[in-house]
Amino acid sequence: MAECGVQSGLVELRAGAYEGCQLAGVWQVITLAFLLGQAAPTLTFAQVRALPPAVAGDAILPDQQHGPIETFEAPHGGVNAPGVIERQLVERPVANGPGCVRKRWTVRFRAVPGADIRTATVDSMYSTQEIAPASNAICASRGYVRLNPGVSLEGGWKVLATLKEFIDGRGHAQVRCSDTTSSKLCTDSNAIRSSLRTLSPWAITRDANDTLVWMGVPGGIVTEVRFNAARPPYITIRRDVPAPF
């Protein structure tokens, strides 16, 4: 049996690619070596899905700078077009500044018209950064907030700190609130803060000079907290049911 991350008699496995796992026999080693030798666009969804996450990452991202891949998972929410399926490769988080940072790779597989989705091959990919507070210098596996394009690490940490200050009732802010769900979110400032305490931020994005924090669960009811850069004490909160597509 060849152990992960060491040299077998048939093929030298990439250092660290199989950390924490063992390969079950010579034929499995040969199969993995064959897949790692293929170009990413030729790998099928069925082949990638059968690999350990770390190996899948090396197979799909051979020319990309990336950390160890910990999970290979389906994205939250959204509907795929016919013949298309998306999966995400999630890197191991690392301590950075006031918390932890990791990268998430979204990979789109596309099948030829009428073919089984399992034969879909890699069509495109992109990465996003995610941040989360650290607990006793330990990076958790959950609770990360996606930074959409235009939001820096520094900007992400800053807006999360501002959001926490508002929820904790520190500082002064002028608040506008709207709610299309009849949840009584906008009853008063206490109701707003109490409601936000029960939610987790999951994405930060930019809109002109404003920074928006989306809270709740991806694909579910969205509570948006908008911080106005031109008037820092001004906050707009909106709760909506997302469109089905």
Side-chain angles (χ1 to χ4, degrees), residues 73-79 88 90 93-104 106 128-245:
E73 60 191 42
H76 293 285
V79 178
Q88 295 178 333
V90 184
V94 295
N96 184 297
C100 298
V101 179
R102 72 183 184 187
K103 188 178 289 186
R104 178 181 297 266
T106 298
T128 53
Q129 285 188 306
E130 300 177 333
I131 61 175
S135 178
N136 297 321
I138 297 176
C139 292
S141 60
R142 297 185 178 184
Y144 284 79
V145 184
R146 184 181 75 223
L147 304 182
N148 284 333
V151 180
S152 64
L153 283 176
E154 182 182 0
W157 292 124
K158 183 177 179 179
V159 76
L160 288 182
T162 303
L163 175 65
K164 187 177 188 307
E165 289 179 1
F166 171 69
I167 293 175
D168 291 344
R170 291 179 281 136
H172 173 71
Q174 298 179 16
V175 180
R176 291 182 60 185
C177 184
S178 63
D179 179 12
T180 63
T181 69
S182 303
S183 67
K184 299 183 179 180
L185 166 70
C186 302
T187 302
D188 55 33
S189 60
N190 288 330
I192 293 172
R193 289 185 170 91
S194 294
S195 179
L196 295 185
R197 287 191 192 100
T198 67
L199 303 175
S200 297
W202 57 269
I204 302 172
T205 193
R206 294 280 297 177
D207 180 16
N209 290 323
D210 294 348
T211 304
L212 289 62
V213 181
W214 294 333
M215 305 183 70
V217 178
I221 292 174
V222 177
T223 302
E224 177 186 280
V225 183
R226 177 184 291 260
F227 296 92
N228 188 305
R231 294 182 290 172
Y234 200 82
I235 300 174
T236 303
I237 299 170
R238 188 179 71 185
R239 175 170 288 174
D240 290 310
V241 178
F245 299 103

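We're numbering straight along the sequence, starting at 1. Note that these values count all heavy atoms, side chains included, but never hydrogens, waters or copies made by symmetry.
Scanning both residues, A140 and P93, for their nearest heavy atoms gives O-CG, 3.8 Å. Residues T187 and K184 approach most closely at OG1-O, 2.9 Å, considering heavy atoms.
When the ring pair (Phe, Tyr, Trp, His ring centres under 6.0 Å) test is applied to W157, no partner is found at least two apart in sequence or on another chain.
The salt bridge (Lys or Arg N to Asp or Glu O under 4.0 Å) pairs that include a residue from residues 149-159 number zero, where partners must be two or more places apart or lie in different chains. Applying the side chain to side chain donor-acceptor pair (under 3.5 Å) rule to pairs touching residues 131-145 yields nothing, sequence neighbours excluded.
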Evaluate side-chain contact (heavy atoms from CB on, under 4.5 Å) for I235 paired with T162, printing each intermediate quantity in order. CA-CA 11 Å; I235 300 174; T162 303; 5.7 Å; no
In sequence, state the C-alpha distance, the side-chain angles, and the governing distance for I192 and C177, and then conclude on side-chain contact (heavy atoms from CB on, under 4.5 Å). CA-CA 8 Å; I192 293 172; C177 184; 4.0 Å; yes
Before you tell me yes or no, could you show the steps for R104 and E73 under side-chain contact (heavy atoms from CB on, under 4.5 Å), namely the whole-Å CA-CA distance, both residues' side-chain angles and the distance that decides it to 0.1 Å? CA-CA 10 Å; R104 178 181 297 266; E73 60 191 42; 2.8 Å; yes
Under the criterion side chain to side chain donor-acceptor pair (under 3.5 Å), I'd like the reasoning laid out for N228 against R226: C-alpha separation, chi angles, the key distance, then a yes or no. CA-CA 6 Å; N228 188 305; R226 177 184 291 260; over 6 Å; no
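Under the side chain to side chain contact (heavy atoms under 4.5 Å, CB included) rule, M215 has a single partner from I237, V222, L163, V145, which is L163. The salt bridge (Lys or Arg N to Asp or Glu O under 4.0 Å) test with E130 is passed by exactly one of R102, R146, K103: R102.
In summary, the side chains of T180 and R239 do not present any donor paired with an acceptor at a separation below 3.5 Å, with no hydrogens or angles considered.
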